[in-house]
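Reading through the structure tokens given below for one structure.
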There are 2 protein chains.
Amino acid sequence: MKLKDLAALLGLSQTTVSRALNGYPEVSEATRQRVAAAAEKHSYRPNTRAKGLATGRAMAIGHVIPISAQHEMVNPVFGDFIAGAGEAYAAAGYDMLLSLVQDSQEERVYRDMFAKGNVDGIVVHAPEMNDPRIALLLEIGLPFAVHGRASDITAPYNWLDVNNKSAFQRATDFLIDLGHRRIALLNGLETMDFAHRRRAGYVEALLSRDLAVDPQLMRSEEMTETYGYQAVRQMMKLAEPPTAYLVSSMISAIGVRRAIHDAGLVMGRDISVITHDDDLSYLRNGDDVALFTATRSSVRDAGRQLAQILIEQISDPQQAPTTKLLEADLTVGRSTGANMAGR
Amino acid sequence: MKLKDLAALLGLSQTTVSRALNGYPEVSEATRQRVAAAAEKHSYRPNTRAKGLATGRAMAIGHVIPISAQHEMVNPVFGDFIAGAGEAYAAAGYDMLLSLVQDSQEERVYRDMFAKGNVDGIVVHAPEMNDPRIALLLEIGLPFAVHGRASDITAPYNWLDVNNKSAFQRATDFLIDLGHRRIALLNGLETMDFAHRRRAGYVEALLSRDLAVDPQLMRSEEMTETYGYQAVRQMMKLAEPPTAYLVSSMISAIGVRRAIHDAGLVMGRDISVITHDDDLSYLRNGDDVALFTATRSSVRDAGRQLAQILIEQISDPQQAPTTKLLEADLTVGRSTGANMAGR
DNA sequence: CACATCATCCAAAGCGTTTTGGTAACGGAA
DNA sequence: TTCCGTTACCAAAACGCTTTGGATGATGTG
């Protein structure tokens, strides 16, 4: 069923039917009703490609997910983020176009998306410190919004980020208050902007309490379960092993917990752990009592909000960029305790 | 840069330029080169919507991801599956369109996708026993491929599945051989087809060895970490608690491990655990030695293969449906051991 | 009563491609 | 020479929608 058929059926012109369906005023209320009823009855849906061609809008938003070349890892956070964004798109009538792309190909993909015109905007995932994608998108003039920020880029653009620095600063402070002096940081890849900020928060907390920053206690890798496990195993062998760990993701924290158990120690008593918790749907942080002490921020909610920001930018391109900084909750669970050795 | 501009630039007609770029024979090799060079130089990319309108093909494939209404859970497997499928699409020039949808809205979404014509085919995720979506898609005639199967549907359609039944049967056999008699099954939601098959394999193994099937030892829920934890806590309180657990996902198995530890027991010595392992990129099953004994099948690879199947179906609609049954590996790790109590 | 205004509708152009149905030039065969 | 097949190109239609620029008749106004 196409517009022409529907119009013929109703004895009206395509113009009038189109206008009736799109809410233009030049149509009598009576015919509008009649058209709506017929459209409903024959379940008419305008062809996306034709509509897009005529209007110049794709009604779709692109997500380019970078796949790390070495580990081929898909960020576990991605599913929940997409779920949040998807809600916003569904409500606004947008489709979501996904591209998973090797880092090397990214520029080409962005340029192609623009040239082929199959998206009205783009969500940038996992920005690095001085991410070339942002300059690129600003240059080609395709609306976009970033999940996170790129520290080194001063030009304004839409972003939504968790205050990673303050979150990790508070977490570190919390551990210091508990008497910990040897605190390890199991960070994500510090080429990523968020990881860089987290480290900054950690370092600043240590320095402001006159504690040494020991490179032996700092790791930066992709946040897998085995990463957490291995890092703890190795750090335990140090002359002065850490009494507390600050971990960048629940997945790695699970590996940390495993290593602690394997060593015959008890998490929260012998060794303290704080993790960042993205509030993933399949990995809730305990039920009644939080399992881990954690800095928590819902990535799903972030997806919802960022999509909203981008949609608004697209519908009003003159609008100045929106930025939003979310504060993470610091919830105290059973994985932290006073440092007895330090007493 | 549009076709018209490029043609004008070259002093050729749109027809010739279009043909040159699309590899039609009615163009001299010399001009083909010239056109290709100019297109490259000005980085011309045909507009997707216009091309789609002219050809009638969307060059896009839809993935409809159901969001479970109660828990709002996003299956953690989803990211890696999509990554695999994305590779196949990128290679074949297809885009991937994603819709996350509440179960109730599913039918509408499928019908709309067809009517709006913005996909050439659909990948069906997480099929249930007698999934209405399959009948629906067969009815409307939109090419599709299913990740999994729907037991109750006899009509032929494209699918790719892991042999869940044999995998769980072998795993159960393995535990019985180790001397276990009280084996618990922590299954996924048994409205899902895969979970149903896993249970069938488990039951069949028990019966063929003359062991009782105890409903107290069987659970069926969404596969979260806390589900695994809670289930074990509760089953441990039984008069005759299980000595082994068969778990449907790594995530839940992690919860199982936590419960075992919390009880002061050692996994692999006091209690055995076998889990299904989808080989997720951020959750590898140990490194040198497998952490869990597991039935393993790469969901990423499944994504890649299923996408390929769908692409072939689309390019040759006459073709009979393809079906592919993958056997899972049974890798022995450190989470299983002989049942001492039984000796 | 003549004229402007308004409400309601329509024919046709346009969006950027592909594809249909040609034409012109050339070489070779009869 | 004439005719035919082939090669290399082109103008215009088509895809299904929106939007421009009227047209028509009814209504109000001076």
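Just so we're on the same page: letters track the sequence lines, and every chain starts at 1. Worth saying up front: this structure is predicted, and the values here are computed from it rather than measured.
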task: With a 4.0 angstrom cut-off to heavy atoms of chain A, pull out the first and last contacting nucleotide of DNA chain D, in 5'-to-3' order.
output: dG16(D) to dG21(D)
- prompt: Is there a donor-acceptor pair closer than 3.5 Å between any side-chain N or O of Ser315(A) and the backbone N or O of Ile311(A)?
  reply: yes
- request: May I ask you to say whether Asp112(A) pairs ionically with Arg108(A), meaning some side-chain N is under 4.0 Å from a carboxylate O?
  value: yes
- prompt: Nucleotide by nucleotide, 5' to 3', does protein get under 4.0 Å of the base (B), only the sugar-phosphate (S), or neither (-) in nucleotides 12-22 of chain C, counting heavy atoms?
  reply: B-BBBBBBBB-
query: salt bridge (charged side-chain N to carboxylate O under 4.0 Å, His left out) between Arg304(B) and Asp301(B): does it pass, once the steps are laid out?
result: CA-CA 5 Å; Arg304(B) 198 161 17 222; Asp301(B) 194 53; 3.5 Å; yes
- line: Heavy-atom closest pair (Gly23(A) atom, Arg32(A) atom, distance to 0.1 Å) is CA-NH1, 3.5 Å
- prompt: How would you list, by chain and number, every residue that makes a ring-ring contact (aromatic ring centres under 6.0 Å, His included) with Phe81(A), sequence neighbours excluded?
  reply: His125(A), His147(A)
query: At their closest point, which heavy atom of Gly62(B) faces which heavy atom of Val119(B), and how far apart are they?
result: N-CG1, 3.5 Å
statement: Between Val146(B) and the options Ile122(B), Val124(B), Ile153(B), the side chain to side chain contact (heavy atoms under 4.5 Å, CB included) test singles out Val124(B)
